[in-house]
Amino acid sequence: GAVVSQHPSRVICKSGTSVKIECRSLDFQATTMFWYRQFPKKSLMLMATSNEGSKATYEQGVEKDKFLINHASLTLSTLTVTSAHPEDSSFYICSARAVTPNEQFFGPGTRLTVL
Amino acid sequence: AQSVTQLGSHVSVSEGALVLLRCNYSSSVPPYLFWYVQYPNQGLQLLLKYTTGATLVKGINGFEAEFKKSETSFHLTKPSAHMSDAAEYFCAVSDTGGGNKLTFGTGTQLKVEL
């Protein structure tokens, strides 16, 4: 149980385009989902906390207008990278919080490459 | 603010040897501590966690970690490495439990050699 999926697993796009990444909790409901960014040889950096039915809470330094987060249902959160640029290329990982246990379950990640 | 330091970005051990991955943390409140493992192209999987109580925590796949408050450490060990243990390992800290904001270390890549 407690499986989280992400789609797509890899995406390559041109500079200036927008990319949407989906995060789904497959067998549990998640009122809270988290979005992380992982740079090569770096730790995961929390970008934002997404709560179902309300606005996401962004970490300091994360542009909310660039990284749009929507959590429209208890099983789906989306991250849209708007007007992507090469510096946005990274590995994006989501997690979903289960009520019991109080734990985050992580998705497999999405590799974004902006040309 | 919380932080995690993982000493050694790469650790190499022989199969059957002891695995020791180091983690030191900084927290202004009693911490919740976690170890996660990440296999290539996969998400993070929880190995073990410390919340309260017993300071020696046992996890999956034969791993364990000991919370040492005086040393602000939470090192991960396994008595005998297996080839399947080769992966990236992340230590993380939270001030309010695993379901809330986690601060991660930079990770340690474990290589297991024959």
Among the clusters formed by ILVMFWY side chains lying less than 4.5 Å apart, do F104(B) and V29(B) turn up in the same one? no

Following the transitive rule for hydrophobic clusters with a side-chain heavy-atom cut-off under 4.5 Å over Ile, Leu, Val, Met, Phe, Trp and Tyr, establish whether L20(B) and W35(B) coincide in one cluster. no

Do L18(B) and V112(B) share a hydrophobic cluster (ILVMFWY, side-chain heavy atoms under 4.5 Å, transitive)? no

Between T103(B), L44(B), L46(B), V4(B), who has the most heavy-atom pairs with chain A when the cutoff is under 4.5 Å? L44(B)

I need the L21(B) CG to F74(B) CZ distance, nearest 0.5 Å. 12.0 Å

Nearest 0.5 Å, what's the OG-CG distance between S94(B) and L102(B)? 5.5 Å

Side chain, backbone, both or neither: which part of R111(A) has an atom under 4.5 Å from a heavy atom of chain B? neither

Which residue is it: S27(B), S28(B), S26(B)? I am looking for the one with a side chain to side chain donor-acceptor pair (under 3.5 Å) to Q2(B). S27(B)

Side chain / backbone / both / neither for Q38(B) at chain A, heavy atoms under 4.5 Å: side chain

If contact means a heavy atom pair closer than 4.5 Å, which residues of residues 43-71 of chain A contact chain B? S43(A), L44(A), L46(A), E59(A)

Mind checking whether P86(A) and L115(A) have side chains closer than 4.5 Å, heavy atoms only? no

Would you mind checking which part of F39(A) comes under 4.5 Å of any heavy atom in chain B, side chain (CB onward), backbone (N, CA, C, O), both or neither? neither

Backbone N or O of A17(B) within a donor-acceptor pair of the S14(B) side chain at under 3.5 Å? no

